[in-house]
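Okay, structure first, notes after.
The sequence lines fix the lettering, A, B, ..., with proteins before strands; numbering per chain opens at 1. Note that the coordinates shown come from a computational prediction; the quantities given were computed from them, not determined experimentally.
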Amino acid sequence: MYGDKHIGDTLLKVDNITLAFGGVKALTDISFEIREHEILAIIGPNGAGKTSMLNVINGFYHPQQGRIMFRGAERKAMRPHLAAKQGIARTFQNVALFKGMSTLDNIMTGRVLKMKSNLFQQAIYWGANQREEIEHREVVEKIIDFLEIEAIRKTPVGRLPYGLQKRVELARALAMEPDLLLLDEPMAGMNVEEKEDMCRFILDVNDEFGTTIALIEHDMGVVMDISDRVVVLDYGRKLADGSPDEVRANQDVIDAYLGVSH
Amino acid sequence: MFYREAGQFKTSYSADQAIFPIRQDRLGLLLLGLVAVFAVPALANNYFLETIFVPFLVFAMAALGLNLLTGYCGQLSLGTGGFMACGAFFSFKLATAFPELHIVVVFLLAGLGTAGVGVLFGLPSLRIKGFYLAVATLAAQFFLVWMFNKFNWWTNYSPSGVISAPPREIIPGFFVTGNEASPAAKYVFLLIFVAVLALIAKNLVRSRTGRSWMAIRDMDIAAEIIGIRPLWAKLSAFAVSSFYIGISGALWAFVYTGSVEALAFQIDRSFQVLFMVIIGGLGSILGSFLGAAFIVLLPILLNNAPAALGIPLKVELISHLEFMIFGALIIFFLIVEPHGLARLWQIGKEKLRLWPFPY
Ligand SMILES: Nc1ncnc2c1ncn2[C@@H]1O[C@H](COP(=O)(O)OP(=O)(O)OP(=O)(O)O)[C@@H](O)[C@H]1O
Ligand SMILES: [Mg+2]
C-alpha cells in the first residue's frame with residue numbers, strides 16, 4: 001500500500017501539442033506532464049480544450065504538431081485500442097456505457113485485453129474458457145465491492161440513475177487495471193453526496209492501487225481538495241501549471257477563469 | 001409461484017455463470033428436448049414434419065446466424081439470402097466432387113467457405129455503418145445470386161440451373177438427404193445439429209467474443225478505448241454469422257427442399273430472415289427460434305384457421321393478410337419492443353415469478 005504517497009517520475013509527457021479542427025484551434029502549443037502516482041486536475045472554462053486534450057492522449061484525435069511520450073517512449077500513430085494496451089483507461093464526459101448489457105457484463109468487458117482464450121475455446125466454453133471467466137469474474141467482483149455496487153450487478157445499465165452509471169463507468173475503467181486513468185468530469189451532474197462518494201473512490205484508487213489519475217473537473221472545491229497538481233487551460237492555451245495553491249494565486253488564472261465566478 | 005428461483009442460492013461464480021442458472025429453466029429445457037427428440041417424430045405425421053418442423057429448424061439456423069451479426073454486433077445485413085446460396089452451392093460442389101466426404105463435414109466446410117465470403121463482404125463495415133452498410137451487403141446479395149445463376153459450373157452444368165442433393169447417410173443405413181431420407185430422420189438430424197450449433201452460439205455470446213460484439217454494437221468509441229479492435233470484432237461477427245447462415249443454406253438445399261436453384265435465395269429470403277430476427281428478438285438466441293417458428297407458422301395458420309372456423313377467405317386475400325400482419329408486427333416490434341418475442345417471454349416469466357401476488 002501507499003501509506004505516504006510517493007510521487008514518482010514522469011509517466012506521460014505532452015510536448016508542444018497543437019490541434020486544430022479546420023480553422024478552429026482547439027489546442028495551441030500545450031506542454032505538461034503527468035507524474036507517476038499523482039492526481040492531476042485539468043481545469044478551464046467551457047470549450048477550453050480539456051476533453052480534446054484527453055482525446056489526444058487517448059489516440060482519438062491526432063494533433064497537427066507536437067509529440068507525446070509515454071513511459072519515456074514516443075508514441076507514433078496512436079489508436080485508442082493501442083493506448084488501452086499500453087495501460088491508459090478513460091471515462092467520458094457523457095457516460096459511454098454499453099446500454100444493452102448488465103453492470104457485470106459492462107465491467108467484464110473491461111477485462112477484454114486480459115483474456116486470452118481463443119474463439120474455439122470460447123465455443124466449447126467448458127475447460128479453459130470457463131476457468132478464465134471465473135478468474136476474471138473474481139477480479140471484477142472485487143471492483144464491484146470496492147465501488148459498492150453489489151446491488152446492481154445484474155441490472156441493465158440503461159435502467160440505472162445517472163450517478164450510478166458514472167460509477168459503473170469508473171468500474172469498467174478500473175477493470176482494465178490501468179497505469180493511467182483519465183476521468184472526464186467524473187462528478188458532473190451529481191448531487192453533493194454522490195460527489196463525496198466519487199471523491200472518496202478516486203482517492204482510494206490512487207491510494208490503494210497507485211494508479212496515476214488525470215481528471216477534468218469544474219467544481220473548484222473538489223479540485224483543490226483532491227489534486228496534487230493542476231493544469232489550467234483557456235481557449236486552447238495553457239495558463240498555469242502547479243500545485244493547487246500556486247494555481248489559486250496565479251493572476252492570469254484569477255483573471256481568466258476564477259474571476260468568472262466572483 | 002411455480003417459476004421461482006427462491007432458495008436457489010449460487011455459492012460459486014461458476015454456478016452463477018451457468019448457461020441456464022434457474023432450475024425451472026433447466027427442467028423445462030430437458031422436457032422440451034425429450035419431447036422434441038422422442039415425441040415429435042413419433043406423433044407428428046410426415047406432412048407436419050416436412051412443412052413445419054424441418055423448415056422451422058433450417059430457418060432458426062439462419063435467424064441465429066443473422067442475429068449474431070445484427071442483434072449482437074449491431075451490423076445490419078441484407079445479404080442473408082446470398083450467404084445461404086453460398087452454403088448451398090459450396091456444399092453441392094463439395095458433396096459431388098468428394099462423394100466419400102461425410103455429409104456433416106461437407107456442411108461444416110461449406111459453412112467455413114461462407115464465413116470467408118462473409119468476411120470479404122464485411123470489410124466495408126470498417127468504414128460505413130447502418131443504412132450504408134445495409135446497402136453494401138445488398139451488393140453482396142445481388143452479386144452472389146447472380147454468380148451462382150450465371151456460371152453453371154456451380155450446378156455441375158445442369159441445364160435447368162437446379163441442383164439436387166445426392167443421397168447421403170449420417171450413419172450407415174440412416175439417410176438424411178436424397179429420396180430415401182425419411183422426414184423423421186431429417187428432423188432428428190436437424191434437431192441435434194441445430195441444437196449443438198445453438199449451444200455454441202450461446203457459449204460465444206457469454207464469452208469475451210460476445211461481449212466484444214455487444215460493446216461494438218452499444219458504443220463503439222467506448223469499446224475501442226477498452227482495447228477492443230473494431231476490425232477484429234466486426235469481422236469475427238461477419239465470419240461466425242456467415243458460418244451459421246451458410247450451413248442453413250446447405251441444410252435448406254440438402255435436407256429441407258432436396259433440390260434448389262439460385263433464385264430461391266433472392267432478396268426476399270434476406271428480408272424473411274431479418275423479419276424473424278426482429279420479431280423474435282434482436283440479441284437473443286431464444287428469439288431466433290421464436291421468430292423462425294412464428295414466421296413458419298403464421299402462413300400455415302392463416303391458410304387453415306379461416307377454413308376450420310368456417311370463414312371462407314380467398315387465397316389472394318390470405319397472402320395479402322400475411323403481408324399486412326407481418327408489416328404491422330414489424331412496426332410494432334421495432335417501435336415498442338425491439339427485443340421481440342423473446343422479451344415478451346421474459347416479461348411473462350417475471351410475472352410468473354410473482355404470481356399470484358401482484359408485487
Ligand atoms: N470533433 C471536433 N470537431 C470540431 N471541433 C471540435 C471537435 N472537438 C472539439 N472541438 C472544438 O474544440 C474546442 C474545445 O472543445 P473541448 O470539448 O475540448 O472543450 P472542453 O474544455 O472539454 O469543454 P467543456 O467544459 O464544455 O467540456 C471547442 O471549441 C470545440 O468546439
Ligand atoms: Mg469537455
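Neither the backbone nor the side chain of B:Ile216 comes within contact range of chain A, judged by heavy atoms closer than 4.5 Å. Both the backbone and the side chain of B:Ala223 come within less than 4.5 Å of a heavy atom of chain A. There is no contact between A:Arg131 and chain B, counting heavy-atom distances below 4.5 Å. Only the backbone of A:Ile124 comes within less than 4.5 Å of a heavy atom in chain B; its side chain stays farther off. Of the atoms belonging to A:Asn58, it is side-chain heavy atoms, and not backbone ones, that fall under 4.5 Å from chain B. Proximity to chain B involves both the backbone and the side chain of A:Met115, based on heavy atoms less than 4.5 angstrom apart. Looking at A:Lys154, the atoms closer than 4.5 Å to chain B (heavy atoms on both sides) all sit in the side chain, from C-beta outward. Using a 4.5 Å cut-off between heavy atoms, B:Val205 makes no contact with chain A at all. Both the backbone and the side chain of A:Ala123 come within contact range of chain B, with heavy atoms under 4.5 Å apart. Both the backbone and the side chain of A:Glu138 come within contact range of chain B, each with at least one heavy atom under 4.5 Å from a heavy atom of that chain.
Looking at A:Asp15 and A:Arg67, a side-chain N of the basic residue comes within less than 4.0 Å of a carboxylate O on the acidic one, giving a salt bridge. Using a 4.0 Å cut-off between charged side-chain N and carboxylate O, A:Glu133 and B:Arg211 make a salt bridge. Salt bridge absent: A:Lys166 and A:Glu169 never bring a charged side-chain N and a carboxylate O closer than 4.0 Å.
Your options are B:Arg229, B:Arg206, B:Lys202, B:Met219, and the one with the most heavy-atom pairs under 4.5 Å with chain A is B:Arg206. For the set A:Ala96, A:Gly59, A:Ala83, the count of heavy-atom pairs under 4.5 angstrom toward chain B peaks at A:Ala96. The residue among B:Ser12, B:Ser14, B:Ala215 with the most heavy atom pairs within less than 4.5 Å of chain A is B:Ala215. Among A:Glu132, A:His136, A:Lys85, A:Met101, the residue with the largest count of heavy-atom pairs under 4.5 Å with chain B is A:Met101.
Heavy atoms of other residues, nucleotides or ligands lying less than 6.0 angstrom from CZ of A:Arg159 number 12 at most. No more than 12 heavy atoms of other residues, nucleotides or ligands lie within 6.0 Å of CG in A:Asn94, so this atom counts as exposed by the packing criterion.
The side-chain tip of A:Arg90 does not point at the ring of A:Phe60 from less than 6.0 angstrom away and within 45° of straight on.
From A:Glu177, atom CD reaches atom CZ of A:Phe209 across 8.5 Å, with rounding to the nearest 0.5 Å. To the nearest 0.5 Å, atom CZ of residue A:Phe98 and atom CG of residue A:Asn106 are 6.0 Å apart.
Judged by distance alone, with hydrogens and angles left aside, the side-chain atoms of A:Gln122 form a donor-acceptor pair with the main-chain N or O of B:Thr209 at under 3.5 Å.
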